[in-house]
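The chain is numbered in sequence order, starting from 1. First listed ligand is number 1; within each ligand, the first listed atom is number 1.
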Amino acid sequence: MEITLPNVTNQEEEAAEEKSIPEAISQSVNLPLLPEDKILVSVEVCLNPSSTARIEDVQTSIERMLEKRSLSYADGPVPVPIDDQFLVENVQRIRICDTDEWVENHEILLFWQVKPAVHVFQLSEEGPGEELSGDGQLSSFNEWILPAKEFDGMWESLIYESGLKQRLLRYAASALLFTDKGVDPFLVSWNRIVLLHGPPGTGKTSLCKALAQKLAIRFSSRYPQCQLVEVNAHSLFSKWFSESGKLVAKLFQKIQEMVEEDNSLVFVLIDEVESLAAARNAALSGSEPSDSIRVVNALLTQMDKLKSSPNVIILTTSNITAAIDIAFVDRADIKAYVGPPTLQARYEILRSCIQELIRTKILTDQQEPLILPSFASLREKVNAPSIHESLGPLELAKQLLEASEICEGLSGRALRKLPFLTHASLTNPNNCEPSKFLQTLIETARR
Ligand code: ADP
């Protein structure tokens with residue numbers, strides 16, 4: 001984007017001379033002034049799986065690289081500089097995060113307004129450790145070392161009304177900070193329980209996992225060891241309740257051991273937390289075996305105990321919006337409603353799907369590379385198409401918008417499946433061009 005300096009009179013000229021160029025530009029585009037208003041932007045640096053470089057060394061190199069980089073900041077990847085042998089050998093990718101709020105409000109974020117916070121991490125490739133429940137089929141618990149390869153990119157793939165993800169991240173970060181600084185909970189009260197509720201398929205479970213992954217990355221210098229334990233509430237109510245009881249005890253013993261380590265951070269995720277309350281009520285009314293109440297109660301007691309530990313974050317999801325009768329979530333500080341995607345979110349979800357099909361060459365097009373405009377820039381482009389811009393992507397974007405309008409009421413999960421269903425319904429799936437594909441997608445969505 002081009003920035004023009006404001007026209008000034010002679011007197012103003014003198015005053016303007018005193019200003020630094022950054023200040024002058026900053027004022028002309030109505031941006032906050034520095035240095036007080038510097039915006040903290042996270043720069044995430046993922047190391048190669050084989051890298052043995054020291055985190056501090058990579059951090060210093062990246063900071064140096066960013067100092068030299070006099071560009072604007074926007075969410076997205078930054079190429080690893082090819083002239084820096086050390087970074088080329090050790091770094092898989094660099095990504096700028098958290099600028100979207102600013103970019104939306106102010107359209108552009110320039111390097112002198114930014115204070116980068118560099119987070120260097122290496123993904124764990126270990127995969128989930130599983131604990132089987134008594135019948136040997138359903139696993140009751142999964143655990144991952146964070147940041148895990150499985151959750152890489154999940155945060156970015158989840159699209160919500162503006163600010164939801166950032167709000168969650170900030171809440172959780174504040175809770176961790178308060179704990180770390182030893183704020184007295186009797187004087188300032190807060191807890192580390194997150195409850196995401198809303199209709200099924202809106203990405204709540206994924207958001208919990210992605211949040212844990214993000215926090216593991218952002219807090220890696222304070223907590224070098226992070227783990228996520230996912231409790232499958234449903235599988236606890238298999239027919240082997242007594243076995244489940246033992247498993248709960250075993251699991252919490254393990255968690256307790258982890259929690260005792262001052263430098264480890266543990267996330268416990270309980271999906272569909274309402275099923276615990278339902279199982280307890282059913283057991284009380286006699287419609288479920290009484291063993292089940294023992295398991296549920298054991299779990300609730302353990303969770304209650306755990307919530308006072310400073311380095312545990314409890315993440316829960318629920319498909320019902322009504323109050324949930326469970327002691328450890330009814331006072332959750334971080335409660336967020338996660339609703340069905342808005343038009344903008346639907347457009348962005350479908351756009352990312354189409355872009356992925358183009359990348360993998362399932363959709364083919366003469367134009368290379370074909371990049372569809374974002375929702376935010378679409379309106380501008382429709383009203384005043386630039387002469388330099390080819391109409392192809394714009395026409396496709398209009399089709400995509402139509403599809404997004406038709407998909408009202410679909411969940412994020414359904415939207416992410418739609419391109420697959422569309423492809424499966426094509427009579428000639430080879431050699432499929434995007435425009436034809438979108439037409440079929442609209443028909444599939446209508447059906
Ligand atoms: P829930 O726990 O609410 O039932 P899930 O986390 O199981 O939902 O979501 C299933 C999948 O649906 C996610 O992995 C994701 O691919 C997709 N999805 C749901 N909501 C969204 C969204 N808002 N943005 C992008 N993808 C979404």
Side-chain angles (χ1 to χ4, degrees), residues 75-76 97 100 128 138-139 142 144 146-169 193-214 228-235 267-276 278 314-322 324 329 332 334-357 359-360 372 374-376 400-401 403-405 407-423 441 445:
D75 276 23
C97 315
D100 32 356
L138 289 167
S139 70
N142 284 322
W144 289 269
L146 296 181
K149 198 169 166 223
E150 287 92 336
F151 307 143
D152 191 30
M154 204 182 237
W155 180 263
E156 288 74 24
S157 78
L158 292 167
I159 300 159
Y160 294 103
E161 48 146 321
S162 76
L164 172 71
K165 289 195 299 183
Q166 294 312 330
R167 249 181 2 251
L168 271 178
L169 194 56
I193 301 169
V194 178
L195 170 65
L196 301 183
H197 59 98
T202 47
K204 299 178 296 296
T205 314
S206 312
L207 187 54
C208 283
K209 291 177 174 170
L211 178 67
Q213 173 102 337
K214 267 283 140 165
L228 169 69
V229 179
E230 182 185 28
V231 178
N232 300 328
H234 279 315
S235 66
F267 297 92
V268 181
L269 166 60
I270 303 189
D271 226 354
E272 298 180 26
V273 73
E274 71 274 12
S275 65
L276 294 179
I314 297 176
L315 306 164
T316 59
T317 75
S318 169
N319 287 334
I320 57 165
T321 337
I324 304 163
V329 289
I334 309 170
K335 273 189 203 167
Y337 173 75
V338 184
T342 56
L343 176 65
Q344 174 160 4
R346 295 198 297 276
Y347 177 92
E348 290 299 343
I349 292 172
L350 288 178
R351 180 166 81 104
S352 67
C353 293
I354 300 296
Q355 225 45 88
E356 180 61 8
L357 295 182
R359 184 190 73 82
T360 48
L372 294 166
S374 72
F375 188 86
L400 194 58
L401 187 62
S404 317
E405 276 160 357
C407 289
E408 187 172 2
L410 289 192
S411 70
R413 183 190 287 149
L415 281 172
R416 287 231 180 265
K417 271 191 198 145
L418 191 56
F420 174 76
L421 296 177
T422 305
H423 190 267
L441 187 136

Atom pair CG/CG of Leu196 and Leu164 - distance to nearest 0.5 Å: 7.5 Å
Over 12 foreign heavy atoms within 6.0 Å of OH, Tyr337: yes
Residue list, side chain to side chain donor-acceptor pair (under 3.5 Å) with Arg346, at least two apart or on another chain: none
Results of salt bridge (charged side-chain N to carboxylate O under 4.0 Å, His left out) for Lys214 - residues two or more places apart only: Glu44, Glu156
Quick check for students: name every N or O atom pair between ligand 1 and the protein closer than 3.5 Å, with distances.
from	atom 1	to	atom 2	distance (Å)
ligand 1	2 (O)	Thr205	N	2.9
ligand 1	2 (O)	Thr205	OG1	2.5
ligand 1	3 (O)	Gly201	N	3.4
ligand 1	3 (O)	Thr202	N	3.1
ligand 1	3 (O)	Gly203	N	3.1
ligand 1	3 (O)	Lys204	N	2.9
ligand 1	3 (O)	Lys204	NZ	2.7
ligand 1	4 (O)	Gly201	N	2.8
ligand 1	4 (O)	Arg413	NH2	3.0
ligand 1	6 (O)	Thr205	N	3.3
ligand 1	6 (O)	Ser206	N	2.9
ligand 1	6 (O)	Ser206	OG	2.6
ligand 1	7 (O)	Arg413	NH2	3.0
ligand 1	8 (O)	Gly203	N	3.0
ligand 1	12 (O)	Arg413	N	3.4
ligand 1	14 (O)	Ser206	OG	3.1
ligand 1	20 (N)	Thr202	O	3.2
ligand 1	20 (N)	Gly203	N	3.4
ligand 1	23 (N)	Ile159	O	2.8
ligand 1	24 (N)	Ile159	N	2.9
ligand 1	26 (N)	Arg416	NE	3.2

Partner set under salt bridge (charged side-chain N to carboxylate O under 4.0 Å, His left out) for Arg413, not counting sequence neighbours: none
Leu343 CG to Glu405 CD distance, which is reported to the nearest 0.5 Å: 5.5 Å
